[in-house]
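Step one of this worksheet: look at the structure below.
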Amino acid sequence: MKCVLSGIQPSGQLHLGNYAGAIRQFVQMQHDHEMYIFVASYHALTSGRDADALRGNTRQVVIDYLAFGLEPSQTNLYLQQDVPEVTELAWILSCVCPKNLMDKATSYKDKVAQGLPASVGLYTYPILQASDILSVDPDLVPVGEDQRQHIEITRDLAQKFNHCYCQESDDVFRLPDAMIREEAGVLPGIDGRKMSKSYDNAIDPFMDEKPLRKRIMKIVTDTTPVEAPKDPQRCTIFQIFRALAGPDDTRTTDLANQYRAGGMGYSNAKQALFELIMDLFGEARRRRTELMTDPSYIEKVLRDGADAARAKVSQVTRRARDAVGL
Ligand code: TYM
């Protein structure tokens with residue numbers, strides 16, 4: 001059985017980009033893969049300094065993972081801080097990481113340009129991410145396009161470590177592959193740029209119905225008149241619809257035909273997207289309300305998940321410690 005690992009930062013409410021680019025794949029893969037899905041709480045320290053907000057967001061990401069359909073019987077769900085071996089491994093990796101590998105990372109520059117403090121933690125963020133990944137020997141890492149470079153850095157670091165310390169036959173680290181959905185790798189937000197917490201353009205599928213509808217109605221479109229045929233591929237509403245329903249779904253092909261035929265206004269497409277979201281996430285919305293009332297269940301899921309993750313991670317860490325002479 002192939003092994004899968006991925007994680008999300010608890011830096012705010014999850015949005016449709018996180019779902020379409022990442023969580024949807026986790027849910028689909030969990031029945032025939034060995035799954036490690038975690039909350040990247042240490043990574044979130046690079047962007048916020050509000051302890052109560054971090055505690056709240058961390059629990060909320062777990063609740064949302066479960067609401068979206070992750071099943072603890074199929075997926076090991078844990079918090080990064082509950083598996084301390086990962087940070088140990090990050091140090092070991094940092095000692096083989098050439099500094100210029102970090103200099104090449106684009107996310108550091110982007111985040112500093114957005115106003116985040118230029119801390120050493122932010123600078124070496126990709127090493128901790130490599131450690132998250134390599135710590136469970138995964139084959140696949142399902143993520144959105146913005147994480148592609150981090151997976152490449154992970155592979156580079158694994159190779160570098162193996163080259164420094166191992167004979168070919170007893171490599172310590174396996175090289176994982178990124179798994180990126182073509183139609184959802186970069187889900188646009190309501191302003192057409194990549195959907196992101198930091199651009200204030202995100203759609204939260206758990207919003208109350210009225211504000212959710214209002215948010216969708218705000219999606220920016222061009223000014224093509226109602227009667228004119230429209231190109232669905234160039235429209236943000238359609239891109240979101242297609243990523244959520246799937247490119248081959250009849251609802252997607254029907255909507256594309258309506259665009260091309262003309263006579264359909266963008267407000268109709270927005271209404272169709274709103275209805276799709278209510279339909280796709282109806283069950284998740286109900287489940288989330290229930291889960292919010294059961295904190296002891298969440299704690300149990302996290303305890304079990306951390307135990308399972310530590311069992312695996314400690315084997316990998318032991319290999320790395322042995323290889324370097326600790
Ligand atoms: P984060 O928390 O920013 O995002 C979580 C996941 O959601 C994806 N994503 C998107 N996909 C498509 N379109 C979008 N608009 C969009 N916005 C976000 C991200 O690509 C990601 O898959 N560094 C990671 C967290 C992390 C991690 C890891 C991921 C830490 N360690 C190990 C994988 C493996 C991050 O900041 O993701």
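Both ligands and their constituent atoms are indexed starting at 1 by order of listing. Everything numeric here is computed off the predicted structure, so don't read it as measured data.
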Note to self: Could you check whether Asp177 pairs with Arg155 (Lys NZ or Arg NE/NH1/NH2 to Asp/Glu carboxylate O, under 4.0 Å)?
What the structure shows: yes
Item checked: Leu134 to Pro176 - nearest heavy-atom pair and separation -> CD2-CD, 4.1 Å
Notebook entry, point to check: Should you measure from each heavy atom of Ala40, which atoms of ligand 1 turn up under 4.0 Å away?
Noted result: 30 (C)
Next item on the list: Among all protein heavy atoms, pick the one closest to atom 7 (O) of ligand 1 and tell me residue, atom and distance.
Entry: Asn18 ND2, 3.1 Å
Check: Hey, does Lys111 come in under 3.5 Å of ligand 1, counting only N/O atoms on both sides?
Finding: no
Notebook entry, point to check: Asp132 and Tyr36: side-chain donor and acceptor closer than 3.5 Å?
Noted result: no
Checklist line | For atom 27 (C) of ligand 1, the protein heavy atom that lies nearest, with its residue and separation | finding: Gln129 NE2, 3.4 Å
Next item on the list: Without swapping roles, check the side chain of Ser131 against the backbone of Ile127 for a donor-acceptor pair under 3.5 Å.
Entry: no
Check: Val186 heavy atoms, cut-off 4.0 Å: which ligand 1 atoms fall inside?
Finding: 13 (N)
Next item on the list: Would you kindly say whether Thr106 and Gln149 are connected by a side-chain donor-acceptor distance under 3.5 Å?
Entry: yes
Notebook entry, point to check: Counting only heavy atoms, which portion of Leu187 has something under 4.0 Å from ligand 1: side chain, backbone, both, or neither?
Noted result: both
Checklist line | Within reach of ligand 1, part of Ala184 (heavy-atom separation under 4.0 Å) | finding: backbone
Checklist line | N or O contact, Ile8 vs ligand 1, cut-off under 3.5 Å | finding: no
Note to self: Polar contacts were defined as any N/O atom of the residue lying under 3.5 Å from an N/O atom of the ligand; does this apply to Asp132 and ligand 1?
What the structure shows: yes
Check: Does the N or O separation between Gln147 and ligand 1 drop below 3.5 Å for any pair?
Finding: yes
Next item on the list: Identify the residue among Asn76, Leu70, Val27 that makes a side chain to side chain contact (heavy atoms under 4.5 Å, CB included) with Ile37.
Entry: Leu70
Item checked: Cationic tip of Lys230 above Phe238 ring, under 6.0 Å, 45° of axis -> no
Notebook entry, point to check: Where's the contact between Phe26 and ligand 1, heavy-atom distance under 4.0 Å: side chain, backbone, both or neither?
Noted result: neither
Next item on the list: Closest by any non-hydrogen atom to atom 29 (C) of ligand 1: pick that one out of Ala22, Pro138, Gly7, Ala178.
Entry: Gly7
Margin query: As a check for students: among Tyr36, Tyr125, Tyr42, identify the option with a heavy atom nearest to atom 23 (N) of ligand 1.
Written below: Tyr125
Check: Taking atom types as modelled, is there a side-chain donor on Tyr165 or Asp170 under 3.5 Å from an acceptor on the other?
Finding: no
Checklist line | Within one Ile-Leu-Val-Met-Phe-Trp-Tyr cluster: Val83 and Leu45, side-chain cutoff 4.5 Å | finding: yes
Next item on the list: Show which atoms of ligand 1 fall inside a sub-4.0 Å distance from at least one heavy-atom site of His43.
Entry: 30 (C), 31 (N)
Checklist line | In one Ile/Leu/Val/Met/Phe/Trp/Tyr side-chain cluster, 4.5 Å: Val39, Leu14 | finding: yes
Note to self: Quick test of your reading of the structure: of Ser47, Gly17, Gly21, whose heavy atom lies closest to atom 10 (C) of ligand 1?
What the structure shows: Gly17
Notebook entry, point to check: Going by atom types alone, do Glu85 and Ser314 pair a side-chain donor with an acceptor below 3.5 Å?
Noted result: no
Check: At under 4.0 Å between heavy atoms, which part of Gln9 makes contact with ligand 1: side chain, backbone, both or neither?
Finding: both
Check: Do ligand 1 and Val141 have nitrogen or oxygen atoms that lie under 3.5 Å from each other?
Finding: no
Next item on the list: Could you see which bit of Ile133 sits under 4.0 Å from ligand 1, with heavy atoms only: side chain, backbone, both or neither?
Entry: side chain
Checklist line | Minimum heavy-atom distance Ile133-Val141, with the two atoms named | finding: CG2-CG2, 3.8 Å
Note to self: Can you name the atoms of ligand 1, numbered from 1 with element, that are less than 4.0 Å from a heavy atom of Met195?
What the structure shows: 14 (C), 15 (N), 17 (N)
